[in-house]
Peer 1: 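I'd like to ask you about the structure that follows.
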Amino acid sequence: LSYDPNSKLLQLSEASEDVDMNLKQINKLTQDLIAESNPNFTPQPRDDSTAMIKKLFETGLKQVQQQKLPEALKSINLAIEMSQRKRATWEAFAVQLQELQFMLKNRVDLSLIQGKFMDALEDLELLHNTGLNSSDVFIRKTDGLMKLKQYEQAQVEVERGLSLDPSNAKLKALHLENSRRLADYNG
Amino acid sequence: NQALKRRFQAILLRKDVFSKQW
Amino acid sequence: QSYDYDEGSETWPFFLLTVLCVILVPLTVKQIWDMLSSSDAETEAQEQKSQLGMLSEAYTADEIHAFRAKYVSKKSKWAAKRNLFIIAGWTLVAYLVQHIGSNDAIRDAATTLFDPYSLLNISTSSTEREIRSAYRKLSIKFHPDKLPKELTAEERTTMEEQYVMITKAYKSLTEEITRENYLRYGHPDGPQATSHGIALPKFLVDSSVSSLVVLGYVGLLGFILPFLVSRWWSKTQSMTKKGIHVKSASYFSDRLFNFKPSQVVTMDLLINWISHAQEFKVMYPALHQETFEKLIHDHINRENSGDLQNEKFRIVAKSHVLLFGLLDIATTFRNLEISNMAIDTLKAIVQATPLSPYSQILQLPNVDAERFINGSVDDIRTLGKLFTYEDKKISKILGIDDEDKLQETLTVASNIPFLKLIRAEFKVPGETIVTPQSTPHISLKVLVRSAKHKFFGPTKIPDEMCREKQDFDSLRDPFASIQDQPKLPQSFAPFFPAKRSGCWCALVVLQKDGKVIQTPMLVDRLSFTNLKNDLDKRTVSDLEKDFNPEDWCIGTIKIPYSQPAPEEKGDYFFRVIVKSTEYFGPDLDFTVTMSVRE
């Protein structure tokens with residue numbers, strides 16, 4: 001492992017893929033910390049970034065109310081991009097995650113309404129991976145998969161949703177409907 | 001945070017892969 | 001200081017005989033055992049001889065038949081050598097026995113053994129009375145005073161000697177001291193002359209040949225033996241329990257340990273992992289990892305690899321073991337995506353069909369892929385859906401114009417075994433419910449059916465057919481009843497280099513966290529008799545009339561549950577995935593509840 005005091009970066013000549021990724025992460029953090037001009041920085045998310053992101057997001061919500069759905073989607077996309085770009089790597093993860101999850105939930109619904117099922121599914125997948133296990137996620141996932149004719153996958157999702165929330169009426173209805181479609185799919 | 005960014009950026013790739021698969 | 005050598009060849013034949021027997025007897029026993037058990041397996045296979053097996057052989061390319069012949073012949077050459085060795089060995093044994101028998105020196109030594117029973121002409125289990133009466137009779141005959149006068153001096157001496165022997169024999173069986181002598185030294189007169197020597201002829205030890213002998217021993221003990229032992233040891237150490245190389249296992253573990261959620265799990269990823277296996281490097285040190293990867297892809301896409309065809313066959317055959325090893329490691333890391341994809345990759349390799357929504361159809365023989373994908377108006381992805389059409393329509397859909405080929409394809413399609421779940425529950429042997437901390441297992445009742453069969457719900461099968469006998473044996477070992485089912489027959493896999501019968505892998509996933517909880521269980525016993533049943537969905541209109549549950553054989557799959565039931569009462573949900581390693585389609589994926597009650 002070699003350290004260059006001028007660039008302040010670590011290097012390993014024959015790093016495997018994973019070690020290389022770890023090194024990249026450390027170097028990025030180092031560079032971000034050095035680039036920070038404010039001497040009193042804290043893990044608290046910066047107010048100016050929060051304000052920008054919030055503004056973009058609220059624009060999107062307004063556009064939804066005005067039924068300008070494609071524009072709303074664009075605004076929310078921008079808001080999300082901003083959060084990904086402007087937030088520093090040392091800022092509180094919990095805050096960044098919650099912010100992203102909140103915005104993604106809205107993006108999912110917008111995508112579903114506009115028939116962009118693949119987009120919605122990938123956002124839902126991320127929400128799932130980051131710990132959001134509520135029935136809403138399962139309902140939307142099942143719906144999206146059914147619309148894309150992935151009935152076997154939809155069955156998996158709806159069954160998992162039901163095992164976490166056995167009395168959910170919507171999930172039960174989706175289960176019934178998907179079973180029917182699955183039977184037809186198999187002749 | 002970086003892991004989250006990576007996962008977020010993978011969305012496009014995943015969409016691509018699954019679109020092809022399905 | 002000076003040893004007696006075995007000049008009269010008295011002892012070294014015994015030494016050689018012993019060495020030969022030590023090697024030959026276990027080898028012969030093993031050979032006979034192998035022969036018997038392989039015929040056993042054959043009779044089992046006869047039971048479930050399927051049409052698919054025969055069709056598979058018919059569709060297998062000549063190249064692959066030649067490849068199999070080469071490997072089978074390799075095995076049989078090895079077996080032939082072993083047989084030859086056994087025959088030669090026993091011939092030598094026979095010669096030695098005959099040599100010992102005809103050797104006068106040995107015979108003399110043997111006859112000087114004192115056997116009181118043969119001297120008195122009685123059996124070894126005679127009582128005292130019998131001994132005494134025999135002695136009296138013989139002593140009367142051989143007593144010097146009672147001998148007839150006409151005998152010559154020689155004859156008289158012989159008879160007298162005989163009389164002495166008989167008396168000795170009697171004394172050694174009855175008198176205290178003499179008997180002790182006999183038991184201890186083998187002779188009533190006490191210790192006889194014994195000789196110690198070397199069981200080798202003199203010329204081997206004394207003359208110039210002796211240096212060769214010494215060299216031979218040094219070579220054997222100092223070089224050959226340690227070499228063999230170390231080679232065997234390193235071979236054992238280099239393989240894991242699942243039969244893959246330790247380096248391959250550690251590579252897979254490394255990939256899984258560092259697996260990031262941002263990576264997408266695809267068949268290409270797993271094939272890339274497999275191509276780094278140590279087994280391939282050992283098989284073909286001259287080829288690179290990229291070549292191995294390309295060969296596997298070539299196989300899946302049914303492309304010719306030019307000069308590397310034979311290499312491709314060996315690589316593909318080996319990938320079976322590697323994927324099972326990867327599956328095992330993935331389940332220990334609780335990664336469901338990779339476990340599933342490992343089995344799907346195996347399917348793709350067995351059928352030489354890439355993963356796609358249409359794999360179920362494309363795995364069939366004679367299908368014209370272009371006509372199928374571009375042609376049909378309806379989106380047909382499953383065999384079940386395919387069989388809702390008439391044969392003529394199917395020929396158009398699949399692009400098969402030849403009638404015979406169509407029939408063969410339909411035979412394959414209707415003989416692919418699909419699993420239908422009839423009952424699924426957690427069972428504790430001997431109990432009606434699952435109690436806290438008990439040891440349940442998952443009991444599945446399945447119906448093996450064809451895609452051609454008309455669908456009927458699980459309620460059509462009455463409970464009586466699903467019930468199992470509850471006797472002591474079933475309580476002691478609930479998994480024993482599985483052995484009553486026949487072994488799986490040969491699969492239809494004309495592109496795979498070896499004949500195979502495959503299995504189903506059962507994975508158990510905890511619904512709460514979506515992760516695998518135990519290593520997969522392999523199902524290799526199920527009855528396929530239902531596939532012959534005639535219940536074509538295209539012709540059966542009234543299920544009530546045509547369906548008779550008695551005609552159908554219910555299969556049982558029992559999956560052990562690796563932990564005790566939870567302490568708390570409640571409902572726990574598990575997802576059970578049963579995937580076939582051979583065909584696209586016959587998989588099960590469902591949720592089963594464990595209701596823990598007091």
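To find a chain, count down the sequence lines: A is the first, B the second, and so on, and within it residues start at 1.
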Peer 1: Is the CD atom of A/Q11 crowded by more than 12 outside heavy atoms at less than 6.0 Å?
Peer 2: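 Atom CD in A/Q11 is not packed in, count stays at 12 or less.
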
Peer 1: Please indicate whether A/E152 has more than 12 foreign heavy atoms, meaning atoms of other residues, nucleotides or ligands, lying under 6.0 Å from its CD.
Peer 2: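 Not buried by this count: 12 neighbours or fewer within 6.0 Å.
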
Peer 1: When heavy-atom pairs shorter than 4.5 Å are enumerated against chain B, which of A/L104, A/L100, A/D123 gives the highest number?
Peer 2: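 Heavy-atom pair counts peak at A/L100.
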
Peer 1: Chain B heavy atoms under 4.5 Å from A/I80: which part of the residue, side chain, backbone, both or neither?
Peer 2: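 Contact with chain B: side chain only.
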
Peer 1: Heavy-atom distances under 4.5 Å only: say whether A/Q25 touches chain B with side chain, backbone, both or neither.
Peer 2: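 Both backbone and side chain of A/Q25 come within 4.5 Å of chain B.
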
Peer 1: Side chains of A/F93 and B/Q2: does their closest heavy-atom pair fall under 4.5 Å?
Peer 2: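 Result no, sub-4.5 Å side-chain heavy-atom pair not found.
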
Peer 1: Check residues 9-22 of chain B and write down every donor-acceptor pair under 3.5 Å in which the side-chain atom is one partner and the other belongs to a residue at least two apart or another chain.
Peer 2:
residue, atom, partner, partner atom, Å
B/R14, NE, A/E122, OE1, 3.0
B/K15, NZ, A/D119, OD1, 2.9
B/S19, OG, B/K15, O, 2.7

Peer 1: Does the side chain of B/R7 pick up a donor-acceptor pair with the side chain of A/N129 at under 3.5 Å?
Peer 2: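 Looking only at side-chain atoms, A/N129 and B/R7 do form a donor-acceptor pair, the distance falling under 3.5 Å.
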
Peer 1: With a 4.5 Å limit on heavy-atom distance, are the side chains of B/K5 and A/K28 in contact?
Peer 2: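 No, side chains not in contact.
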
Peer 1: Atom CD in A/Q96, atom CG in B/L4: separation rounded to 0.5 Å?
Peer 2: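 Rounded to the nearest 0.5 Å, the CD-CG separation comes out at 7.0 Å.
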
Peer 1: What residue pairs, at least two apart or across chains, pass salt bridge (Lys or Arg N to Asp or Glu O under 4.0 Å) with a residue in residues 166-187 of chain A?
Peer 2: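 Applying salt bridge (Lys or Arg N to Asp or Glu O under 4.0 Å) to every pair that reaches into residues 166-187 of chain A, excluding sequence neighbours, yields A/E177-A/R180, A/E177-A/R181, A/D184-C/K385.
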
Peer 1: Ignoring hydrogens and angles, tell me if any N or O in the side chain of B/N1 forms a donor-acceptor pair with the backbone of A/E91 under 3.5 Å.
Peer 2: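 Yes, because the side chain of B/N1 sits within donor-acceptor range (under 3.5 Å) of the backbone of A/E91.
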
